[in-house]
Structures are given as C-alpha cells and as structure tokens.
Novice: 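A single structure is presented below for examination.
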Amino acid sequence: MNDVNILAKIIKESKNLVFFGGAGMSTESGIPDFRSAGGIYSQRLNQEFTPEEMASHSFLVKHPEEFFDFYRNRMMFIKAKPNEGHYALSRLEKLGILKAVITQNIDGLHQLAGSNKVYELHGSSLRWSCMTCGRSYPMEYALEEDSLPIPHCEDCGGIVRPDVVLYEEGLDNNVLSQAVEAISKADTMIVGGTSLIVYPAAGLIDYFSGNHLILINKSQTRADNRSELVIREPIGKTLSAAVKILEENI
Ligand code: NAD
C-alpha cells in the first residue's frame with residue numbers, strides 16, 4: 001500500500017481527527033511561506049531589518065510606515081484562493097471525521113473552502129481593528145488610498161492594525177485553550193505545512209495523546225521521529241488524493 005492509501009485508511013478509521021497546519025498549507029495557493037527556499041525569509045526585503053523584526057510588535061510601534069508597507073506587500077494576498085487541500089479538509093469536516101482545523105495561518109483560506117471549526121492561533125489578516133478604540137475594519141480598509149501610508153480610525157484617529165499575533169505578542173487564551181482541548185481529545189492528528197519552529201503554537205502538538213500522528217511536510221521537523229507516517233509530498237495534493245480514495249470507499 002502506498003502512503004496515500006495508508007493515509008486514507010487511517011483517516012477512514014478515525015472518529016476524532018484534527019489537523020494542525022502552517023504556512024506550507026497555502027503555498028499551493030500561491031502564498032509564500034516563511035522558511036522554504038523562495039519563502040519570505042529568503043527574500044531580500046530590507047537592508048536594515050529582518051522579516052521577523054518587521055513582523056514584530058515593537059517594529060509596528062517604532063516604524064509604523066515601514067510596518068504597514070511590509071504588511072501590505074508581503075503578508076496580504078487578497079486574490080489567493082483555497083487549494084485542493086483546503087477543500088479536502090472541509091469535506092472531511094462535513095463527513096463528521098474532522099473535528100477541528102488548528103492553523104498558524106492568517107489567510108482565512110480554510111474558512112473560504114468551507115471549514116467551520118477553525119482555530120486561528122495567529123489571528124487573521126482579513127480582520128483589522130483600531131488599536132485605541134477597538135473599532136473593527138475589513139482588510140480592504142487598509143488598502144484604500146486614504147489609508148496610506150498608515151491606516152487611521154475614522155472615529156478616534158488611532159492606528160488601525162491587522163488582528164494578527166505579531167512577534168512579541170501573546171496568543172489569544174480562548175483560542176489556545178479550545179485548540180488544546182481539540183488536540184487532547186483527538187484519536188488522529190495530521191500535522192502539515194509547518195516547520196514547527198514558531199512557539200508557543202508548535203508546542204501544541206505535544207498535547208496529542210491519540211493513536212495516529214501523521215506528518216505531511218516537505219522538509220524535516222522535530223515531530224518526524226514520533227510520527228507513524230511521514231509524507232514529504234505537497235500537502236494539498238496529498239490530502240486531496242487521500243480524501244478522494246476515502247470518498248470512493250464509503
Ligand atoms: P514556515 O514557513 O516556518 O514552514 C513552512 C513549512 O511548510 C516548511 O517546513 C516547508 O518545508 C513546508 N511546506 C511548504 N510548502 C509545502 C507544501 N506544499 N506541502 C508540504 N509542506 C510544505 O511556516 P510555519 O511553520 O507556519 O510558521 C511560520 C509563521 O508563518 C506562522 O506563524 C504563520 O502565521 C506565518 N505565515 C502565514 C502565512 C499564511 O497565512 N499563509 C504565510 C506565511 C507565514
């Protein structure tokens with residue numbers, strides 16, 4: 001049996017599957033990840049600052065113009081569409097097998113593909129809000145000409161920023177505890193498209209105590225050696241092929 005068939009069989013036998021993913025989930029949608037060759041970290045963006053520094057809270061406060069320029073040009077992909085992997089996960093939820101998607105991504109593509117139970121550990125680029133009064137704005141607001149170079153609140157004049165977790169910022173406790181609960185209850189967990197380097201998000205997989213841990217990632221991760229199955233193929237194509245086999249055998 002090849003890896004995709006094994007994956008399909010494990011998924012079919014699962015009663016409580018969770019998916020834990022990262023930026024690699026969306027590379028097949030044309031959104032670069034951070035750490036692959038060709039990812040955001042390999043691009044020479046700015047002579048002075050690294051991408052990690054530019055995606056940090058202190059950079060937003062000290063260099064707001066450069067922050068918003070970086071954010072608009074490198075972190076927003078308004079035309080990106082879900083890929084076959086996002087759709088495969090959404091079908092698994094509808095079949096009652098997949099109980100939650102836990103993602104480090106901020107692109108909203110799981111929801112666009114139809115997934116309902118999505119825990120966004122790092123927030124979403126689609127939602128923006130005023131840092132002073134909290135008024136919400138859609139992401140399009142940040143792209144309007146009047147919002148250049150720094151978007152300001154129409155009510156109070158405060159800075160309007162994306163509702164994402166920047167470096168140096170804490171994760172939302174509510175999202176975190178729901179994600180931990182979903183992982184703790186799972187009998188199968190698929191981890192994919194993530195380098196498992198960004199903490200505390202990457203540490204969440206340690207709450208998994210179910211039967212089947214599956215890794216789908218192009219490069220090596222710290223969880224490979226405890227995974228039952230490690231697949232080094234593109235995650236979108238792999239998930240889609242496995243779910244197709246599963247649907248044909250229901
Ligand atoms: P990362 O860039 O550190 O790692 C991505 C991993 O995915 C790599 O190990 C790479 O080998 C693998 N990969 C890339 N394409 C793949 C594919 N098609 N199939 C299988 N594996 C593939 O990303 P990370 O671990 O998510 O952590 C970095 C941070 O990046 C996260 O906090 C996230 O918020 C942020 N980020 C998000 C997006 C997005 O929302 N789409 C994009 C870039 C960065």
Side-chain angles (χ1 to χ4, degrees), residues 3-4 7 19-43 45 50-57 70-89 101-113 115 118-128 139 161-172 175-176 179 190-205 214-224 227 229-242:
D3 285 351
V4 173
L7 175 62
F19 175 78
F20 180 94
M25 185 71 215
S26 295
T27 54
E28 287 159 78
S29 292
I31 302 181
D33 62 6
F34 273 180
R35 290 175 185 83
S36 291
I40 291 168
Y41 286 179
S42 71
Q43 298 163 18
L45 303 176
T50 66
E52 263 134 336
E53 285 168 332
M54 293 172 89
S56 71
H57 181 85
F70 165 74
Y71 207 87
R72 283 189 191 95
N73 291 308
R74 302 287 170 171
M75 301 300 294
M76 291 175 77
F77 294 88
I78 51 167
K79 291 198 178 122
K81 299 268 182 299
N83 62 55
E84 53 189 325
H86 294 107
Y87 286 112
L89 291 172
V101 168
I102 297 147
T103 183
Q104 299 165 84
N105 290 350
I106 52 177
D107 56 31
L109 292 184
H110 286 291
Q111 292 93 328
L112 207 54
S115 285
V118 182
Y119 298 121
E120 296 174 309
L121 297 171
H122 293 159
S124 174
S125 268
L126 276 59
R127 302 185 292 269
W128 289 57
M139 87 174 147
R161 61 162 281 181
D163 288 345
V164 297
V165 179
L166 298 172
Y167 286 101
E168 302 158 0
E169 294 178 339
L171 271 58
D172 180 305
V175 176
L176 201 53
I190 302 175
V191 176
T194 172
S195 59
L196 294 177
I197 283 175
V198 179
Y199 279 78
L204 291 193
I205 65 162
I214 295 153
L215 224 307
I216 310 173
N217 207 61
K218 281 188 180 168
S219 53
Q220 209 179 343
T221 77
R222 69 175 182 90
D224 289 7
S227 300
L229 179 64
V230 177
I231 302 178
R232 292 261 179 263
E233 301 297 323
I235 189 164
K237 286 192 170 48
T238 305
L239 287 173
S240 173

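As the structure lists them, so they are numbered: ligands from 1, and atoms in each ligand from 1. All residue numbers in this chain count up from 1 along the given sequence.
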Novice: Measuring from Y87:OH to L109:CG, what's the distance to the nearest 0.5 Å?
Specialist: 8.5 Å

Novice: For the atom pair CZ (F70) and CE (M76), what is the distance rounded to the nearest 0.5 Å?
Specialist: 12.5 Å

Novice: Has G236 got any heavy atom lying under 4.0 angstrom from an atom of ligand 1?
Specialist: no

Novice: Could you tell me whether the side chain of L215 reaches within less than 4.5 Å of the side chain of L229, counting heavy atoms only?
Specialist: no

Novice: At what distance is the nearest protein heavy atom to atom 15 (N) of ligand 1, and which residue and atom is it?
Specialist: T27 OG1, 2.8 Å

Novice: Which atoms of ligand 1 are found less than 4.0 Å from any heavy atom of E233?
Specialist: 19 (N), 20 (C)

Novice: Which residue owns the protein heavy atom closest to atom 14 (C) of ligand 1, what's the atom, and how far is it?
Specialist: D33 OD2, 3.3 Å

Novice: What is the closest protein heavy atom to atom 33 (C) of ligand 1, and at what distance does it sit?
Specialist: Q104 O, 3.1 Å

Novice: Atoms of ligand 1 less than 4.0 Å from D107 heavy atoms?
Specialist: 39 (C), 40 (O), 41 (N)

Novice: If I take atom CD from residue E84 and atom OG1 from residue T238, how far apart are they, to the nearest 0.5 angstrom?
Specialist: 9.0 Å

Novice: Give the atom numbers and elements of ligand 1 that come within less than 4.0 Å of a heavy atom of V198.
Specialist: 27 (O), 28 (C)

Novice: Closer than 3.5 angstrom, by distance alone: can the side chain of S36 be matched with the main-chain N or O of D33 as a donor-acceptor pair?
Specialist: no

Novice: What protein heavy atom is closest to atom 12 (C) of ligand 1, reported as residue, atom name and distance in Å?
Specialist: N217 OD1, 3.4 Å

Novice: At the 4.0 Å heavy-atom cut-off, does I106 count as touching ligand 1?
Specialist: yes

Novice: How many angstroms lie between atom CG of L121 and atom CG of L176, to the nearest 0.5 angstrom?
Specialist: 7.0 Å

Novice: Starting from atom 31 (C) of ligand 1, locate the nearest protein heavy atom and write down its residue, its atom name and how far away it is, to 0.1 Å.
Specialist: H122 ND1, 3.7 Å

Novice: Ignoring hydrogens and geometry, is there a side-chain-to-backbone donor-acceptor pair from R161 to V164 under 3.5 Å?
Specialist: yes

Novice: Any nitrogen or oxygen of G22, main chain or side chain, under 3.5 Å from a nitrogen or oxygen of ligand 1?
Specialist: no

Novice: So which protein heavy atom does atom 37 (C) of ligand 1 come closest to, and at what separation?
Specialist: N105 OD1, 3.8 Å

Novice: Can you check whether I31 has an N/O within less than 3.5 Å of an N/O in ligand 1?
Specialist: no

Novice: Going by an N to O cut-off under 4.0 Å, is there a salt bridge joining K218 and E28?
Specialist: no

Novice: Using a strict 4.0 Å cut-off to heavy atoms of R35, name the atoms of ligand 1 that fall inside it.
Specialist: 1 (P), 2 (O), 3 (O), 27 (O), 28 (C)

Novice: Do the side chain of N105 and the main chain of D107 share a donor and acceptor less than 3.5 angstrom apart?
Specialist: no

Novice: Looking at S124, is its backbone amide N or carbonyl O close enough to the side chain of D163 to form a donor-acceptor pair, meaning the two atoms are under 3.5 Å apart?
Specialist: no

Novice: Using a strict 4.0 Å cut-off to heavy atoms of P32, name the atoms of ligand 1 that fall inside it.
Specialist: 42 (C), 43 (C)

Novice: Under a 4.0 angstrom heavy-atom cut-off, which atoms of ligand 1 come close to S26?
Specialist: 41 (N)

Novice: Quick one: does any side-chain atom of R35 pair with a main-chain N or O of S195 as donor and acceptor, under 3.5 Å?
Specialist: no

Novice: Here's a test for you: under side-chain hydrogen bond (donor to acceptor under 3.5 Å, both in side chains), which of Q111, H110, Q104 qualifies with E120?
Specialist: Q111

Novice: Is there at least one pair of N or O atoms, one from P234 and one from ligand 1, spaced under 3.5 Å apart?
Specialist: no

Novice: Which option wins on minimum heavy-atom distance to atom 8 (C) of ligand 1: G24, S219, G21?
Specialist: S219

Novice: Is there a donor-acceptor pair closer than 3.5 Å between any side-chain N or O of S29 and the backbone N or O of N83?
Specialist: yes

Novice: Among all protein heavy atoms, pick out the one at the shortest distance from atom 21 (N) of ligand 1; state its residue, atom name and that distance to 0.1 Å.
Specialist: K218 N, 3.1 Å

Novice: Suppose I only count heavy atoms of S36 and a 4.0 Å limit; which atoms of ligand 1 are within that range?
Specialist: 10 (C), 11 (O), 14 (C)

Novice: Which atoms from ligand 1 have a heavy atom of E28 less than 4.0 Å away?
Specialist: 17 (C), 18 (N), 19 (N)

Novice: Yes or no on side-chain hydrogen bond (donor to acceptor under 3.5 Å, both in side chains) for D224 and S227, after CA distance, side-chain angles and deciding distance?
Specialist: CA-CA 5 Å; D224 289 7; S227 300; 5.3 Å; no

Novice: Which is it for I235 and ligand 1 at heavy atoms under 4.0 Å: side chain, backbone, both or neither?
Specialist: both

Novice: Using heavy atoms and a 4.0 Å limit, tell me yes or no: is G192 in contact with ligand 1?
Specialist: no

Novice: Could you check whether any heavy atom of K237 sits closer than 4.0 Å to an atom of ligand 1, since that is the contact criterion I want to use?
Specialist: no

Novice: Under a 4.0 Å heavy-atom limit, does T194 contact ligand 1 with its side chain, its backbone, both, or neither?
Specialist: both

Novice: Working to the nearest 0.5 Å, report the span between NE2 of H86 and CG of L112.
Specialist: 9.0 Å

Novice: Looking only at protein heavy atoms, which one is nearest to atom 36 (N) of ligand 1, and how far off is it?
Specialist: A23 CB, 3.9 Å

